[in-house]
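I have placed the structure first, in the form of structure tokens, so that the comments after it can refer back to it.
As a basis for the values below, the full set of heavy atoms in this structure was taken, side chains included, without hydrogen atoms, waters or symmetry mates. Every chain is numbered from 1, with letters handed out A, B, ... down the list of sequences. Fair warning: this is a prediction, and the values are worked out from it, not measured in the lab.
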Protein chains: 2
Amino acid sequence: MYYVNDKEYECSVSVTMDIFNDRWKLAVIWYLLENDKRFKELSEDINAISQKTLTIKLKELEEKNIIKREVFAEVPPKVVYSLTPIGRKLKPVLKEMFEWGIQYVKENGKIDNK
Amino acid sequence: MYYVNDKEYECSVSVTMDIFNDRWKLAVIWYLLENDKRFKELSEDINAISQKTLTIKLKELEEKNIIKREVFAEVPPKVVYSLTPIGRKLKPVLKEMFEWGIQYVKENGKIDNK
DNA sequence: TCCCTTACGATACTTTAGGTAAGTAATGAT
DNA sequence: ATCATTACTTACCTAAAGTATCGTAAGGGA
């Protein structure tokens with residue numbers, strides 16, 4: 001059994017899934033693997049996400065210790081998000097998902113370069 | 001760009017996420033990696049899932065060509081689910097998620113063996 | 001004859017995720 | 001004096017997902 005913040009998991013895959021388990025968090029992690037990003041940069045990268053949802057997802061990821069939030073005392077505000085060490089270790093997971101996705105599309109869809 | 005059934009994806013990770021992106025499908029895949037399973041076996045493995053939801057998730061996975069459904073003409077009914085070749089290729093993805101989950105719990109939670 | 005079994009389908013209800021749209025604070029630029 | 005900017009917050013609404021419960025087919029066993 002695995003415990004994280006009083007939550008119980010039978011399998012470590014469920015622990016991981018609790019972080020992935022929505023439409024947006026993986027996208028946030030994906031773009032933060034490129035670079036540290038400001039709030040606005042992320043909302044441009046993931047242009048279909050609403051500000052409200054992005055705010056919520058960033059807060060959840062911070063609580064789970066996947067990302068770090070740094071506030072700069074400037075006007076207009078500047079807040080920079082980056083991956084924590086454990087967050088950065090998600091890269092191989094994303095990589096496998098990336099590669100599986102390509103294989104899947106080759107068999108079940110099509111790829112259009114451009 | 002990636003296209004699967006008229007749906008457009010910017011990145012192959014999104015393709016993969018479209019399969020993972022709910023509470024249950026990954027669990028189904030996880031248990032089918034052990035063995036081919038009957039409906040009832042799966043609903044016992046994933047004991048928190050309702051029958052209706054399991055039915056829906058199995059149908060979705062079948063439509064996406066991740067699992068195969070075999071009906072046996074017996075009474076009481078017998079239906080066996082198994083992974084397709086592309087479904088079985090999800091194993092490395094699950095493996096990375098499994099290992100990341102363990103690392104994460106080591107840092108942020110605790111593991112109780114038993 | 002009645003109950004048991006499996007794999008669902010139908011129905012009704014509740015929960016939750018996420019969207020839109022508006023507002024806010026603080027300051028520098030015009 | 002007003003506007004633009006950034007990173008949010010708040011209120012409201014809808015659609016999707018999930019739950020619980022009942023019904024059903026079809027044959028075998030007591």
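One interatomic measurement links the two molecules: NZ of B/Lys40 to P of C/dC4, which rounds to 13 Å at whole-angstrom precision. Put simply, CD on B/Glu41 is 16 Å from P on C/dT5, counting in whole angstrom units. Atoms CD (A/Glu74) and C1' (C/dA25) sit 16 Å apart, rounded to a whole Å. For B/Ile56 and C/dA7, the CD1 to C1' distance is 14 Å, given to the nearest whole Å. The nearest whole Å value for the distance from the CD atom in B/Glu70 to the C1' atom in C/dC8 is 18 Å. Distance CD (B/Glu62) to P (C/dA7): 15 Å, rounded to an integer number of Å. In this structure, B/Phe72 places its CZ atom 17 Å from C1' of C/dC8, rounding to the nearest Å.
Looking at B/Tyr104, its side chain never comes within 3.5 Å of a backbone N or O of A/Gly87 through a donor-acceptor pair. Using a distance-only test at 3.5 Å, with no hydrogens or angles considered, a donor-acceptor pair links the side chain of A/Asp22 to the main chain of A/Lys25. Checked by atom type and distance alone, the side chain of A/Glu41 pairs as donor or acceptor with a backbone atom of A/Arg38 at under 3.5 Å. Judged by distance alone, the side chain of A/Thr55 and the main-chain N or O of A/Gln51 form a donor-acceptor pair under 3.5 Å.
For B/Ser14, there are no side chain to side chain donor-acceptor pair (under 3.5 Å) partners two or more places apart in sequence or in a different chain. Taking the ring-ring contact (aromatic ring centres under 6.0 Å, His included) definition, one finds that B/Trp24 meets it with nothing, sequence neighbours left out.
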Going through the checks in order, is the salt bridge (charged side-chain N to carboxylate O under 4.0 Å, His left out) test met by A/Lys40 and A/Glu44? CA-CA 6 Å; A/Lys40 212 201 172 193; A/Glu44 282 162 0; 3.5 Å; yes
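Contact record, B/Lys89 with A/Trp100: O-CD1, 3.5 Å, taken as the closest heavy-atom pair.
Atom CG in A/Leu54 sits 6.0 Å away from atom OG in A/Ser43 (nearest 0.5 Å).
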Polar atoms only, N or O, under 3.5 Å: list the protein pairs with nucleotides 14-18 of chain C and their distances.
residue	atom	partner	partner atom	Å
C/dG18	OP1	A/Arg23	N	3.3
C/dG18	OP2	A/Lys57	NZ	2.9

Just the table, please: protein N/O against nucleotides 26-30 of chain C N/O, every pair under 3.5 Å.
none

Contacts table for residues 65-82 of chain B: side-chain donor-acceptor under 3.5 angstrom, sequence neighbours left out:
residue	atom	partner	partner atom	Å
B/Asn65	ND2	A/Asn108	OD1	3.2
B/Arg69	NH1	B/Tyr81	OH	3.4

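On the nucleic acid side, DNA chain D has its first and last nucleotide under 4.0 Å of a heavy atom of chain B at D/dG18 to D/dG27, going 5' to 3'.
With salt bridges taken as basic N to acidic carboxylate O contacts below 4.0 Å, none links A/Glu62 and A/Lys59.
Along DNA chain D, the nucleotide nearest B/Ala48 and the nucleotide nearest A/Arg69 are compared for position; the residue whose nucleotide lies closer to the 5' end is A/Arg69.
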